2 protein chains.
Amino acid sequence: MARSTGHSRPVIKDVAKLAGVSAPTVSRYLNGTVKVSEEKRARIAKAIEELGYEPSVVARALSNREMDTVVVFAANPEAFSTSETNHGVERAARACRFLMNIVSLDESDMDSVEARVRMGLSVRPAGAIVYQYDRAGIKALDYLPKDLPLVVVGGGFGDADRQIVNAEREAGRWMTMHLLDMGHETVFHVTRPKGPTDNTRTDGWHDALKERGAVIHEPIVVSRDLEEAVEAGRRLGERDDVTAVFAGDDETAIAVIRGLKEQERQVPDDVSVVGFDDRNFASMWSPALTSYGQNYLEMGQRAFRMLYEQVKAKRDGVEPPDPRVEVVEGQPALRASETVYVPWR
Amino acid sequence: MARSTGHSRPVIKDVAKLAGVSAPTVSRYLNGTVKVSEEKRARIAKAIEELGYEPSVVARALSNREMDTVVVFAANPEAFSTSETNHGVERAARACRFLMNIVSLDESDMDSVEARVRMGLSVRPAGAIVYQYDRAGIKALDYLPKDLPLVVVGGGFGDADRQIVNAEREAGRWMTMHLLDMGHETVFHVTRPKGPTDNTRTDGWHDALKERGAVIHEPIVVSRDLEEAVEAGRRLGERDDVTAVFAGDDETAIAVIRGLKEQERQVPDDVSVVGFDDRNFASMWSPALTSYGQNYLEMGQRAFRMLYEQVKAKRDGVEPPDPRVEVVEGQPALRASETVYVPWR
DNA sequence: CTGAAAGCGCTTACAG
DNA sequence: CTGAAAGCGCTTACAG
């Protein structure tokens with residue numbers, strides 16, 4: 001096929017003429033909505049091939065009232081979870097020949113959320129996926145038309161009818177329990193701000209301590225600036241009742257370890273530290289960092305598939321599958337940054 | 001404004017009727033292409049407000065022949081550079097009320113590149129941004145219509161008329177020279193596969209060694225699987241002529257360090273190791289990793305702005321700005337993982 | 001400055 | 001199974 005000049009993109013009429021049929025027939029051939037005679041199918045196929053014809057999704061969208069596009073609303077574009085999930089959505093969408101539009105939400109400017117959502121909807125997407133790892137995502141929900149296929153990713157269980165969640169609270173609980181099981185009397189927690197739902201690693205940490213009747217120290221909240229986590233590590237290192245720390249993510253964990261070291265506290269000998277997310281670098285760390293991996297990529301893929309079911313059903317005029325919440329499991333990765341606590345002092 | 005039901009979205013005709021004007025007048029008001037009388041402007045504004053009218057970008061695109069959309073073609077969606085650049089493009093696009101479509105290319109399936117590009121073009125984007133960090137990106141260029149505004153990100157200098165590049169070769173040269181300047185007789189190189197251009201960190205490494213007349217050992221190529229880099233570190237650790245290693249990225253660097261340690265080779269005392277990209281975790285490492293930071297976010301933003309200039313000029317019917325290549329500087333971050341080499345043995 | 005008309009490239013009843 | 005006609009919601013010459 002010759003390189004397109006952009007001026008002479010063939011349109012359906014060109015195909016029809018070359019194949020000796022009408023434009024609607026070509027359309028029917030393309031969409032498979034109505035049977036087209038075998039003989040014409042062949043002629044049309046040939047014409048399309050010859051012309052290098054590609055239907056205009058724009059024109060199609062104007063007729064169909066929607067595009068083969070999924071719009072993703074997400075805050076914190078720099079977060080690991082966001083970019084991994086995006087990647088998953090894109091991959092699954094591509095397989096269905098859907099395009100993905102990403103519209104970033106800005107948590108620090110909640111007033112802009114409505115405008116952003118309108119912008120995202122302006123292309124008449126077939127459906128929307130909203131990441132509910134944060135408040136902006138939750139607010140976005142308010143502005144989506146109720147008849148638009150929707151899947152929520154993350155957030156609390158049952159926050160939406162159709163949802164892909166990770167068992168994050170359970171994971172946080174698991175990690176904390178793991179430390180408690182090793183003999184630590186309590187577990188400190190350093191984390192970036194907790195999400196707005198009750199299904200967070202922080203909630204799970206709290207659950208475990210409460211369940212065991214351990215002392216619950218206020219979580220230390222840090223920003224993405226790792227220096228804050230280092231400082232948190234230093235402060236924790238000054239206290240001798242600190243023997244175990246659950247960091248809300250791997251970056252924070254290694255920063256805390258650094259702060260601890262500055263106070264001559266060794267990991268894991270003096271203090272056990274575990275992270276969360278199981279980033280690539282976690283296993284390379286010294287000591288190799290114990291962490292809990294979440295499958296954000298998988299979540300993104302599943303989110304698109306769940307959305308696509310709805311889109312398909314809507315287009316076929318059948319009932320959509322029943323609402324449901326799918327849980328994507330993560331898994332702990334036990335390594336060398338935590339160890340049993342022996343209260344010999 | 002009431003929550004949209006999706007069924008009754010007002011259209012331009014509704015606005016026209018309510019304002020007592022014709023649809024074209026509303027259109028002119030919206031686009032500012034032709035003067036509209038003050039009195040009608042007010043009535044139209046009021047009608048739009050009252051109805052909560054939002055123009056259909058799809059219909060507009062069908063008339064205008066293009067959407068306010070930029071399509072990004074990128075391979076390696078999981079790469080740090082890709083997701084950071086995406087983020088930059090999205091941010092700049094959003095400021096101009098442009099939407100971003102991401103179409104991933106698959107390096108392992110070069111045959112699919114043409115289809116992917118066609119898919120991306122099917123929305124009639126106003127322009128395209130292609131990341132040329134890899135072969136798939138380069139190939140994508142062949143399928144873009146020549147009259148479509150285009151900006152290439154990354155790649156070799158002058159690979160395209162309009163381009164945002166980082167001085168990667170120079171950076172690789174700088175890091176290698178830095179090690180050489182500290183007395184190391186040569187510098188070993190462990191890296192993920194080199195990009196297809198001649199503006200890579202690996203090329204810069206080679207430049208420096210050649211310039212200084214140092215021995216040039218074949219680069220050790222590893223995949224994203226960090227175990228391979230650990231293994232590379234082990235092998236390097238077995239040789240006593242290894243005193244300095246330039247890793248192609250920070251993840252590889254820390255994996256190499258791990259391998260080195262397994263062979264009882266300390267960093268930086270026995271071997272100096274430097275990374276590339278200056279990821280968040282680099283400064284947290286023990287020893288803090290020397291690295292070279294690239295501003296991918298900035299590159300993404302600039303790429304969109306450069307594209308937008310062209311789009312704007314085209315729409316205004318004026319000459320586009322002259323082609324140019326912009327270089328986005330990075331900066332070295334010197335830390336603790338390298339040190340002077342004293343040949344006392 | 002403004003309206004009636006035609007067109008962007010498809011799809012979908014409507015009649016065969 | 002298939003074609004002629006109308007319509008999706010805008011914009012742009014074309015005449016005032």
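Only a predicted model underlies this, so the values are computations on that prediction, with no experimental measurement involved. Reminder, nothing fancy here: chain letters follow the sequence lines and each chain counts from 1.
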Give a yes/no on whether any side-chain N or O of [X] is located under 4.0 angstrom from OP1 or OP2 of [N].
| X | N | value |
| --- | --- | --- |
| Asn31(B) | dT11(D) | yes |
| Ser27(A) | dT11(C) | yes |
| Ser37(B) | dT2(C) | yes |
| Lys40(A) | dC1(D) | no |
| Arg60(B) | dT11(D) | yes |
| Thr25(B) | dT2(C) | no |
| Tyr53(B) | dC10(D) | yes |

Could you tell me the separation between the [atom1] atom of [X] and the [atom2] atom of [N], rounded to a whole number of Å?
| X | N | atom1 | atom2 | result |
| --- | --- | --- | --- | --- |
| Ile48(B) | dC10(D) | CD1 | P | 10 Å |
| Lys17(B) | dG9(D) | NZ | C1' | 15 Å |
| Glu39(B) | dT2(C) | CD | C1' | 12 Å |
| Lys35(B) | dT2(C) | NZ | P | 12 Å |
| Arg315(B) | dT12(D) | CZ | P | 11 Å |
| Ile44(A) | dC10(C) | CD1 | P | 13 Å |
| Met67(B) | dC10(D) | CE | P | 14 Å |
| Leu30(A) | dT12(C) | CG | C1' | 15 Å |

Between [options], which nucleotide has the shortest distance from any of its atoms to the side chain of [X]?
| X | options | result |
| --- | --- | --- |
| Ile12(B) | dT12(D), dC10(D), dC10(C) | dC10(D) |
| Val36(B) | dT12(C), dG9(D), dT2(C) | dT2(C) |
| Arg28(A) | dG3(D), dC1(D), dT12(C) | dG3(D) |

Crowding at CZ, Arg97(A) (>12 non-hydrogen neighbours, <6.0 Å)
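No, because the 6.0 Å sphere around CZ of Arg97(A) holds 12 heavy atoms or fewer from other groups.
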Rounded to the nearest 0.5 Å, how far apart are [atom1] of [X] and [atom2] of [Y]?
| X | Y | atom1 | atom2 | value |
| --- | --- | --- | --- | --- |
| Arg302(A) | Ile129(A) | CZ | CD1 | 13.5 Å |
| Phe73(A) | Asn101(A) | CZ | CG | 9.0 Å |
| Ser27(B) | Arg60(B) | OG | CZ | 7.5 Å |

Using a 4.0 Å heavy-atom cut-off across all strands, classify Ser22(A) as base, sugar-phosphate, or nothing.
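Here Ser22(A) touches the bases of the nucleic acid.
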Using a heavy-atom cut-off of under 4.0 Å over every strand shown, decide if Val34(A) touches base, sugar-phosphate, or nothing.
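Base, at least one base heavy atom under 4.0 Å.
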Does a distance-only test, which skips hydrogens and angles, find a donor-acceptor pair under 3.5 Å between the side chain of Arg65(A) and the base of dG9(D)?
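By the distance-only test, no, there is no pair.
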Dot-bracket for DNA chain D, please, read 5' to 3', with Watson-Crick or G-U wobble pairs under 3.5 Å on both distances, ( ) within the strand, [ ] crossing, | other strand, . unpaired.
|||.||||||||.|||
Applying ring pair (Phe, Tyr, Trp, His ring centres under 6.0 Å), can you list everything that pairs with Tyr133(B), at least two apart in sequence or on another chain?
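Checked Tyr133(B) against ring pair (Phe, Tyr, Trp, His ring centres under 6.0 Å); matches are Tyr131(B).
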Okay, side chain of [X], backbone of [Y]: is any donor-acceptor separation there less than 3.5 Å?
| X | Y | value |
| --- | --- | --- |
| Asn64(B) | Glu66(B) | no |
| Lys40(B) | Val21(B) | no |
| Ser122(B) | Val57(A) | no |
| Arg116(A) | Ser104(A) | yes |

Most 5' of Ala23(A) and Ala23(B) on DNA chain D, judged by nearest nucleotide
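The residue mapped nearer the 5' terminus is Ala23(A).
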Does Leu62(B) or Pro24(B) map to a spot on DNA chain C nearer the 5' end, using the closest nucleotide for each?
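The answer here is Pro24(B).
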Between Gly20(B) and Arg124(B), just flag the one whose closest nucleotide in DNA chain C comes earlier from the 5' side.
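Upstream on the strand: Gly20(B).
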What integer number of Å spans the C1' atoms of dT12(D) and dG16(D)?
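Those two atoms are separated by 16 Å.
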